[in-house]
Student: 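Attaching a single structure in structure tokens format; questions to follow.
As the structure is a computational prediction, the values presented were derived from the model and not from experiment.
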Amino acid sequence: MRPLTEEETKAVFEKLANYIGKNLVHLIDRDEDDAYCFRLHKDRVYYLPLPMLHLATSVARPNLISLGTCFGKFSKTQKFKLGITCLDWIAKYAKYKVWIKPSGELPFLYGNHVAKAHLGRITEDTPEHQGVVVYNMADVPLGFGVTARSTIDTRKLDPTGIIVFHQADVGEFLRDEDTMF
């Protein structure tokens, strides 16, 4: 487990900034008693408290499987992909949100995009190609994605038009449990 390099940090923060914007500061600048850090282990980026990091130094690297919250992983071409395991942190600080109707929850959890017919609410002034967190109508985060249209354009769209491109959802825990960790 090692700290992220400058390029890796830039890639992670750019991806996170697409979803939480300026609230990224809340992940980084924390109180001394509640300090967290990002670490890389086997191409996966983990977000963990500093006391946990100090305890992990006593475990040999080959024996260490996971530590803290996995935010995502780097591909072989060094592109960073956010994982569903970071949904709790992203949902906490999300700038733009989308709520879907009960009829649209199951299709989204099966990996489909969000259509306008399933849209319940959307944050005002959401731009096109912006990272959003997808909630059900009871404010439970279901996943995240990227908007296909801005808030203004969604009003003119037909019911079958795509509003949010699917990126990750909580259904991945069941669909991809063999390859997730």
Student: Should Val132 and Thr126 count as side-chain neighbours, where that means a heavy-atom distance under 4.5 Å?
Tutor: yes
Student: Closest approach of Met137 and Gly120, non-hydrogen atoms and distance?
Tutor: SD-CA, 4.1 Å
Student: With Arg149, which of Val164, Ile122, Thr154 fulfils side chain to side chain contact (heavy atoms under 4.5 Å, CB included)?
Tutor: Thr154
Student: Of all the heavy-atom pairs spanning Leu67 and Ala56, show the shortest one and how long it is.
Tutor: CD2-CB, 3.2 Å
Student: Identify the two heavy atoms, one from His41 and one from Leu64, that lie closest to each other, and give their separation to 0.1 Å.
Tutor: NE2-O, 2.9 Å
Student: Do other residues, nucleotides or ligands put more than 12 heavy atoms under 6.0 Å from the CD atom of Glu6?
Tutor: no
Student: Got Ile162 and Leu157 here, is their nearest side-chain heavy-atom distance under 4.5 Å?
Tutor: no
Student: Who passes salt bridge (charged side-chain N to carboxylate O under 4.0 Å, His left out) against Arg121, sequence neighbours left out?
Tutor: none
Student: If I take atom CD from residue Gln130 and atom OG1 from residue Thr123, how far apart are they, to the nearest 0.5 angstrom?
Tutor: 10.0 Å
Student: Do Ile84 and Val146 belong to the same hydrophobic cluster, where Ile, Leu, Val, Met, Phe, Trp and Tyr are linked whenever their side-chain heavy atoms lie under 4.5 Å apart, directly or via other members?
Tutor: yes
Student: With side chain to side chain contact (heavy atoms under 4.5 Å, CB included) as the test, pick out the partner of Phe13 among Leu4, Asn18, Ile28.
Tutor: Ile28
Student: Could you state whether Met1 and Leu55 fall into the same hydrophobic cluster, counting links through intermediate Ile, Leu, Val, Met, Phe, Trp or Tyr residues with side-chain heavy atoms under 4.5 angstrom apart?
Tutor: no
Student: Does His113 have any ring pair (Phe, Tyr, Trp, His ring centres under 6.0 Å) partners at least two apart in sequence or in another chain, and if so, which?
Tutor: Phe165
Student: Quick one: closest heavy-atom pair of Glu128 and Ala148, and the distance?
Tutor: OE2-O, 3.1 Å
Student: Any side-chain heavy atom of Cys37 within less than 4.5 Å of one from Leu50?
Tutor: yes
Student: Under the criterion side chain to side chain contact (heavy atoms under 4.5 Å, CB included), which of Leu48, Val45, Thr9 is the partner of Phe38?
Tutor: Val45
Student: For residues 86-112, which side-chain N or O atoms pair as donor and acceptor with protein atoms under 3.5 Å away, sequence neighbours left out?
Tutor:
unit_1	atom_1	unit_2	atom_2	d
Trp99	NE1	Asp139	OD1	2.5
Asn112	ND2	Pro107	O	3.4

Student: Could you list the residues that satisfy salt bridge (charged side-chain N to carboxylate O under 4.0 Å, His left out) with Glu7, not counting sequence neighbours?
Tutor: none
Student: Which pair of heavy atoms, one from Phe80 and one from Lys15, lies closest together, and at what distance?
Tutor: O-CE, 3.2 Å
Student: Would one find more than 12 heavy atoms of other residues, nucleotides or ligands at under 6.0 Å from atom NZ of Lys81?
Tutor: no
Student: Can you list everything that forms a side-chain hydrogen bond (donor to acceptor under 3.5 Å, both in side chains) with Asn136? Sequence neighbours excluded, please.
Tutor: none
Student: Between Phe144 and Leu82, is any pair of side-chain heavy atoms under 4.5 Å apart?
Tutor: yes
Student: Just checking, any donor-acceptor pair under 3.5 angstrom between side chains of Asp169 and His166?
Tutor: yes
Student: Would a 4.5 Å heavy-atom cut-off, applied to side chains only, mark Arg2 and Glu8 as touching?
Tutor: yes
Student: Tell me the closest heavy-atom pair linking Thr57 and His54, and the distance in Å.
Tutor: OG1-O, 2.6 Å
Student: Which residues pass the side-chain hydrogen bond (donor to acceptor under 3.5 Å, both in side chains) test with Ser75, not counting sequence neighbours?
Tutor: Thr77
Student: Counting only N and O atoms by type, is there a donor-acceptor contact under 3.5 Å from the side chain of Tyr46 to the main-chain atoms of Gly72?
Tutor: no
Student: Is there side-chain contact between Val12 and Phe71, with heavy atoms separated by less than 4.5 Å?
Tutor: no
Student: Side-chain contact, heavy-atom cut-off 4.5 Å: Val170 with Val140?
Tutor: no
